[in-house]
Amino acid sequence: MTELRRSELQTLAHVRIDEARVLLDASMFSGAYYLAGYSIECGLKACIARKIKGQRVQSKGFERDFFVHDLKKLAE
């Protein structure tokens with residue numbers, strides 16, 4: 001498993017939303033939609049990382065739930 005720092009997740013979120021804007025301006029809507037969603041995913045994971053910083057994760061399924069691409073699960 002690769003460890004990502006909160007700051008790296010924040011950077012990824014900003015980069016992906018910038019890329020989505022470029023695609024949107026080029027009328028490449030499906031790619032813009034995809035990257036915007038990925039940006040939201042990175043942002044949610046950065047928020048989660050802030051909440052657990054310095055705390056031990058008790059849930060055995062946490063890693064499985066964290067490393068998903070399901071925005072609803074991440075928001076929970």
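Hydrogens, waters and symmetry mates are skipped; everything else that's a heavy atom, side chains included, is used. Residue indices begin at 1 and follow the sequence shown.
Q10 is linked by a side-chain hydrogen bond (donor to acceptor under 3.5 Å, both in side chains) to nothing, counting only residues two or more places apart in sequence or in another chain.
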Side-chain donor-acceptor contacts of residues 26-33 below 3.5 Å, not counting sequence neighbours, with atom names and distances?
none

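No donor-acceptor distance shorter than 3.5 angstrom exists from the side chain of S39 to the backbone of L35, with no hydrogens or angles considered.
No path of Ile, Leu, Val, Met, Phe, Trp and Tyr side chains, each step under 4.5 Å between heavy atoms, connects L44 with I17, placing them in separate hydrophobic clusters. L23 is connected to Y34 through a chain of hydrophobic side-chain contacts under 4.5 Å among Ile, Leu, Val, Met, Phe, Trp and Tyr, so both are in one cluster.
Every pair passing salt bridge (Lys or Arg N to Asp or Glu O under 4.0 Å) that includes a residue from residues 21-37 is listed here, sequence neighbours excluded: D18-R21.
Rounding to the nearest 0.5 angstrom, the gap separating the OG1 atom in T11 from the CZ atom in R6 is 11.0 Å. The structure places SG of C42 at 11.0 Å from CD of E8, a figure rounded to the nearest 0.5 Å.
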